[in-house]
Amino acid sequence: MKEVTSLFNEALENYASKLGMEGKDKEEFLFRLDMAKLQNEPQGNRIIGKKEHGIRKQIADLENNISLWKNNLAFFASSKTADKLKDQFDTKIQKAEDEIEKLKQRLNILREF
């Protein structure tokens, strides 16, 4: 069964690629398909609820990390090495904010099911 599922998922990814979907659109398309498959399973609603809870926890963790990183940035003095560290933290913060947006989009999709 796992092999069939794996082949099915691979076929879906190939189909999405043939439709010209890339990046964010492809991820959203595949996520919607996964949720539609789960919805039809006997324990589907429970599994979807767990996924929603997990996504909410990820968002909360990322938001906590962002506030911690922003707080830590205030303690850096001005110097070349500090500027490099500030840039690294800014990059981390931006990536985390992008991830939060992606997770919020997934939450919106989950609410449709």
Side-chain angles (χ1 to χ4, degrees):
M1 186 66 180
K2 288 182 182 180
E3 185 178 331
V4 171
T5 303
S6 175
L7 290 172
F8 179 72
N9 289 334
E10 186 178 321
L12 285 175
E13 286 196 32
N14 289 335
Y15 178 71
S17 295
K18 287 181 181 179
L19 289 176
M21 292 182 179
E22 294 291 325
K24 187 177 177 181
D25 292 334
K26 184 177 177 181
E27 284 181 33
E28 183 179 329
F29 174 74
L30 294 174
F31 186 74
R32 283 180 187 276
L33 285 175
D34 285 341
M35 293 305 103
K37 287 189 294 186
L38 282 176
Q39 189 178 26
N40 294 325
E41 290 186 12
Q43 300 281 329
N45 288 333
R46 187 173 62 87
I47 295 169
I48 289 172
K50 282 186 175 182
K51 282 192 177 287
E52 183 177 355
H53 177 72
I55 289 172
R56 288 183 189 279
K57 184 175 179 345
Q58 283 179 308
I59 290 171
D61 290 345
L62 286 170
E63 287 174 341
N64 287 337
N65 285 341
I66 288 171
S67 66
L68 178 70
W69 293 332
K70 285 182 178 180
N71 185 43
N72 289 345
L73 280 174
F75 294 109
F76 289 123
S78 286
S79 70
K80 288 183 181 181
T81 55
D83 290 341
K84 288 180 184 178
L85 284 172
K86 286 180 182 179
D87 290 342
Q88 288 176 352
F89 274 102
D90 286 338
T91 303
K92 278 185 175 184
I93 290 168
Q94 186 59 47
K95 285 181 181 179
E97 288 173 344
D98 292 343
E99 184 66 20
I100 288 172
E101 288 304 313
K102 179 178 155 185
L103 291 170
K104 284 182 178 180
Q105 180 64 31
R106 285 190 174 191
L107 271 180
N108 289 335
I109 293 170
L110 280 175
R111 289 184 188 127
E112 294 174 11
F113 292 93

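The analysis underlying the following values was restricted to heavy atoms, covering all of them including side chains, and did not include hydrogens, waters or symmetry mates.
How far CD of E63 is from CG of D61: 9.5 Å, rounded to the nearest 0.5 Å. Between the CG atom in L7 and the CG atom in N14 there is a gap of 10.5 Å [rounded to 0.5 Å]. In this structure, CD in Q58 is found 9.5 Å from CG in L107, a value given to the nearest 0.5 Å. Separation of atoms CD (E13) and CD (E27) is listed at 10.0 Å; rounding is to 0.5 Å. Between the CG atom of L38 and the CD atom of Q43 there is a distance of 11.5 Å, given to the nearest 0.5 Å. Atoms CD and CG, from Q88 and L73 in turn, are 11.0 Å apart once rounded to the nearest 0.5 Å.
Closest approach of I48 to M35, counting heavy atoms only: CD1-O, 4.0 Å. Contact detail for I93 and K70: the closest heavy-atom pair is CD1-CG, 3.7 Å. Of all heavy-atom pairs spanning L103 and I55, the tightest one is O-CG2, 3.6 Å. Among all heavy-atom pairs drawn from E41 and I47, the shortest one is OE1-CD1, 4.1 Å. Considering all non-hydrogen atoms of both residues, F31 and R106 come closest at CE2-O, 3.7 Å.
Between R32 and E28 there is a salt bridge, with a side-chain nitrogen of the basic residue lying less than 4.0 Å from a carboxylate oxygen of the acidic one.
Residues F29 and L110 do not share a hydrophobic cluster, clusters being chains of Ile/Leu/Val/Met/Phe/Trp/Tyr side chains in contact below 4.5 Å.
Partners of K37 by salt bridge (charged side-chain N to carboxylate O under 4.0 Å, His left out), not counting sequence neighbours, listed by chain and number: D34. Scored by the salt bridge (charged side-chain N to carboxylate O under 4.0 Å, His left out) test, E52 finds R56 as partners (sequence neighbours excluded).
Within 6.0 Å of NZ in K26 there are more than 12 heavy atoms belonging to other residues, nucleotides or ligands. Crowding of E3 atom CD: a count of heavy atoms from other residues, nucleotides or ligands under 6.0 Å not exceeding 12.
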Side-chain donor-acceptor pairs of residues 94-101 under 3.5 Å, sequence neighbours excluded:
from: Q94; atom 1: NE2; to: D98; atom 2: OD1; distance (Å): 3.0

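For the pair S6 (side chain) and K2 (backbone), a donor-acceptor distance under 3.5 Å is absent.
The side-chain tip of K18 does not point at the ring of Y15 from less than 6.0 angstrom away and within 45° of straight on.
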